[in-house]
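Here is the structure we will look at, set down as structure tokens.
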Amino acid sequence: MSDIITTIQSAVTQAVEQLYGEKTDPAAVQVNTTPPDFTGDYSVVVFPFVKIAKKSPDAVASEIGAFLHREVAEVAGFNVVKGFVNLEIADTYWQHFLASVAANPTYGRKPRNGQKVMVEYSSPNTNKPLHLGHIRNILLGWSCAQILDAAGYDVVKAQIINDRGVAICKSMLSWKKYGAGKTPENSGIKGDHLVGDFYVLFEQKTKEEYDAWQQSSEASAIFENRGKKEQTEKEFFKDYKNKWFNEHSVLGAEVREMLLKWEAHDPDTVALWKQMNGWVYQGFDRTYSDLGVSFDKLYYESDTYLLGKDIVEDGLSKGVFFKKDDGSVWIDLTDAGYDQKIVLRADGTSVYITQDLGTARMRYHDFGCDRFVYVVADEQNYHFQVLFEILKRLGEPYAAGLHHLSYGLVELPTGRMKTREGTVVDADDLIEELIRIAREQAQERGETEGISPEEKESNLRKIGMGALKFFIIKVHPKKRMIFNPEESVDLQGQTGPYIQYSYVRINGLMQRVEKENIDLSAAVGYEGIQPQERDLLAALHEYPAVLMQAASAYDPSLVANYCYDLAKKFHRFWHDLSVFNADTAAAKAFRLTLSKAVGQVLKSGMQLLGVEMPNRM
RNA sequence: GGCUCCGUAGCUUAAUGGAUAGAGCAUCUGACUACGGAUCAGAAGGUUAGAGGUUCGAGUCCUCUCGGAGUCACCA
């Protein structure tokens, strides 16, 4: 059975050719679902043909409508309003369509297309626990991977772990100085939080040292000699902090020494680094498990931070890069609207972008992917534009398939989250909080009968996580999000639990179907499909197109909003029409089949977002 | 300052260039002696930041203005 929209499009093309003698592209014919308040299921926009026909829009619409009514079996009727042809689709078409959807548990998913794509997401630093920003990143990456999988790609979910550098050395030094042998085991603190606590402690100690230093004669002398005389002492020392840390701080010197030792593979330093990173990974694993996400491939920055040298050689020989007198290597991107960019320091060491160039090539060799999706916050837009441009100029075979899934930062009403100031919404806390809210709401509603404590707990988890995930994914990735911790995430209205509840209703019906062994084949005899039913059918019909659009736009929010729309239509259907108490056996069977199909699609769609459906709630 | 992104109801938001801008929250009104009320219906709330332009048709495309954010490191 071919898609009704494709059928209409090609029929319109035929109509235009026969009536007005001009060939048009069927794919360019606009077919929309008819808005409420008009009769019909689908509408054809005829304005593009008005010039060809040299007639009024309404005349063209009437002619095309009559043609479709005559030639296309599925078109049962039509009407014309202001240059739009509204087509009524025959019940028999919907009957067949529904039967095919209900019989196909993988409806909407595409067969394997033989293409590989790598989605990189999460990419945490190992000096502190995950926060709300990571949650948005992780959920976007995860659902993007699921959607690409549904669209037929073979997906590799990857994570690059930033496990080296100054930040982790701060935590390490802090633990060494003040830790007194504290471990996750002997303190009961989750590993990533423990390490994060020492990072925060280090920042506190640094601040104390800085405050004390400001009283010294050395500091006074530097302040007196400041360039900007109009600066107050407070303003000056705020700006000066980085320079002070690098040139005067005792703690700063110790951290740099530690980093050098790590780079020189000093056994004690490496052992401490391994131990503390191990704690962090244990903690991350629990958070990932709570979020229900996983990875196929882990890359560690400690393995990759020296990569990219060969690419620099390659670029030099191809004339893409050039060398300056001091030996540093650059690329000139001014003709593409970017700047000159350094890719190798004079001392021969890599910079951030060199690493990314190297890892891109390495990943291609590892997996042979045609596409790479980087889920990274939009503050790095410029970096990725430059990175992709360089890879293009180097003639990398995967250059055309690179995509930066850029998303807006999650902020608090007071501004950006800052670890140092303790204004971070911790991922674990937030997860726990939502499950708590779900439990609270469930208690207000009273006990569900005959449900085991295990199932109850599992459901509360599904509901809480469903609320959190849907809340975050329904917003378009590019939009900046402001999260107010004072206002708890809703469980009513446009939410995950709203959609889960529609599924629970359907599940209740299906259980009864099974128990009473109801035969659904009588559905075929149903006549007079109701508007609420047609809305659902049209929505089901749309699902494959929504999936493909979400995949090509790398936009999970499309799937989230689709699921909400479908659930809303189902709730209305449920309210307005009786299923088990329907007038006829045919109506009952039809509505049960329809409910079954809606349940399948809701489950499938929400699964792409990482939201699980409870059977009861 | 250059470049990029964003600006839709009090708040959170939706809308392949198509018809009367669609939802949710909050506010007010209603609806089951149960196919489960985490639901449904109704009211009120909009000059889509502003001004021009392109188009049969603009929240959407172009130009300018205003407001917000990001970025313009030999940091990652």
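Residue numbers start from 1 in every chain, and the chains themselves are labelled A, B, ... in the order their sequence lines are given, proteins ahead of strands.
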Side chain of [X] (C-beta onward), nearest among [options]:
{"X": "D576(A)", "options": "U13(B), C40(B), G36(B)", "result": "C40(B)"}
{"X": "R416(A)", "options": "G70(B), C6(B), G37(B)", "result": "G70(B)"}
{"X": "M481(A)", "options": "U13(B), A76(B), U39(B)", "result": "U13(B)"}

Respond yes when some side-chain nitrogen or oxygen of [X] is under 4.0 Å from OP1 or OP2 of [N], and no when none is.
{"X": "Y498(A)", "N": "C40(B)", "result": "yes"}
{"X": "R480(A)", "N": "G7(B)", "result": "no"}
{"X": "R445(A)", "N": "A38(B)", "result": "yes"}
{"X": "K479(A)", "N": "C5(B)", "result": "no"}

(request) Indicate yes or no for a side-chain donor-acceptor contact from N137(A) to the backbone of V375(A) under 3.5 Å, with no hydrogens or angles considered. (result)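 Pair found, side chain donor or acceptor close to backbone of V375(A).
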Within this structure, what is the [atom1]-to-[atom2] distance between [X] and [N], rounded to whole angstrom?
{"X": "F384(A)", "N": "A76(B)", "atom1": "CZ", "atom2": "C1'", "answer": "11 Å"}
{"X": "I342(A)", "N": "C75(B)", "atom1": "CD1", "atom2": "C1'", "answer": "13 Å"}
{"X": "N162(A)", "N": "C75(B)", "atom1": "CG", "atom2": "C1'", "answer": "12 Å"}
{"X": "I353(A)", "N": "C72(B)", "atom1": "CD1", "atom2": "C1'", "answer": "13 Å"}
{"X": "W574(A)", "N": "A41(B)", "atom1": "CH2", "atom2": "P", "answer": "15 Å"}
{"X": "D378(A)", "N": "C3(B)", "atom1": "CG", "atom2": "P", "answer": "19 Å"}
{"X": "N484(A)", "N": "U12(B)", "atom1": "CG", "atom2": "P", "answer": "10 Å"}
{"X": "I473(A)", "N": "A14(B)", "atom1": "CD1", "atom2": "C1'", "answer": "17 Å"}

Could you check whether [X] gets within reach of a base, just the sugar-phosphate, or nothing at all, counting any heavy atom under 4.0 Å?
{"X": "I160(A)", "answer": "nothing"}
{"X": "H383(A)", "answer": "nothing"}
{"X": "L409(A)", "answer": "nothing"}
{"X": "V579(A)", "answer": "base"}
{"X": "R164(A)", "answer": "nothing"}
{"X": "V504(A)", "answer": "base"}
{"X": "N246(A)", "answer": "nothing"}
{"X": "Q380(A)", "answer": "base"}

Protein-nucleotides 18-24 of chain B N/O pairs closer than 3.5 Å?
residue	atom	partner	partner atom	Å
G18(B)	N7	Q30(A)	OE1	2.9
G18(B)	N7	Q30(A)	NE2	3.4
A19(B)	N6	S43(A)	OG	2.5
A19(B)	N6	N86(A)	OD1	3.1
A19(B)	N1	N86(A)	OD1	3.1
U20(B)	OP1	K82(A)	NZ	3.1
A23(B)	O2'	Y564(A)	OH	2.9
G24(B)	OP1	K568(A)	NZ	3.3
G24(B)	O2'	Q494(A)	N	3.1

[atom1] spacing across the pair [N] / [M], given as an integer number of angstrom:
{"N": "A34(B)", "M": "U48(B)", "atom1": "C1'", "result": "43 Å"}
{"N": "A9(B)", "M": "C61(B)", "atom1": "C1'", "result": "26 Å"}
{"N": "C11(B)", "M": "U16(B)", "atom1": "C1'", "result": "29 Å"}
{"N": "U29(B)", "M": "C35(B)", "atom1": "P", "result": "27 Å"}
{"N": "U8(B)", "M": "U60(B)", "atom1": "C1'", "result": "12 Å"}
{"N": "A49(B)", "M": "C66(B)", "atom1": "C1'", "result": "7 Å"}
{"N": "G17(B)", "M": "C62(B)", "atom1": "C1'", "result": "13 Å"}
{"N": "U13(B)", "M": "G7(B)", "atom1": "C1'", "result": "13 Å"}

(request) Write out the stems for RNA chain B, ordered by first number and formatted as range with range, counting runs of at least 3 consecutive Watson-Crick or G-U wobble pairs under 3.5 Å. (result)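 RNA chain B stems, ordered by first number: B:1-7 with B:66-72, B:10-13 with B:22-25, B:27-31 with B:39-43, B:49-53 with B:61-65.
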(request) Quick one: pull up CG in N507(A) and CG in N615(A) and give me the separation to the nearest 0.5 Å. (result)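 Between atom CG of N507(A) and atom CG of N615(A) there are 4.0 Å.
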Does [X] qualify as a cation-pi partner of [Y], given the criterion of NZ or CZ under 6.0 Å from the six-membered ring centre and within 45 degrees of its axis?
{"X": "R512(A)", "Y": "F580(A)", "value": "yes"}
{"X": "R136(A)", "Y": "Y407(A)", "value": "no"}
{"X": "K462(A)", "Y": "Y501(A)", "value": "no"}
{"X": "K324(A)", "Y": "W330(A)", "value": "yes"}

(request) Could you tell me whether F570(A) and F573(A) have their ring centroids closer than 6.0 angstrom? (result)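 Centroid separation for F570(A) and F573(A): below 6.0 Å.
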(message) Please report whether the ring centroid of F388(A) lies less than 6.0 Å from that of H403(A).
(response)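 No, ring centres 6.0 Å or more apart.
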(request) Determine whether the side chains of E120(A) and Y299(A) contain a donor N or O and an acceptor N or O closer than 3.5 Å. (result)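 Y299(A) and E120(A) do not have a side-chain donor-acceptor pair below 3.5 Å.
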(request) Identify, between N561(A) and F580(A), the residue whose nearest nucleotide on RNA chain B lies closer to the 5' end. (result)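 Per heavy-atom nearest nucleotide, the more 5' residue is N561(A).
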(request) Report the residue (F471(A) or W330(A)) whose heavy-atom-nearest nucleotide on RNA chain B is the more 5′ of the two. (result)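 The answer here is F471(A).
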(request) Look at the rings of Y305(A) and W262(A) and say which category their plane angle falls in: under 30° parallel, 30 to 60° tilted, over 60° perpendicular. (result)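 Rings of Y305(A) and W262(A): tilted, as their planes differ by 30° to 60°.
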(request) Verify salt bridge (Lys or Arg N to Asp or Glu O under 4.0 Å) between K603(A) and E612(A), making sure each step is shown before the conclusion. (result) CA-CA 8 Å; K603(A) 187 169 190 174; E612(A) 294 179 280; over 6 Å; no
(request) Determine, answering yes or no, if Y382(A) is stacked on C3(B) under the 5.5 Å centre rule and the 30° plane rule. (result)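 No, the aromatic ring of Y382(A) does not stack with the base.
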(message) The criterion is ring pair (Phe, Tyr, Trp, His ring centres under 6.0 Å); which residues satisfy it with Y503(A), sequence neighbours excluded?
(response)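 Here no residue qualifies.
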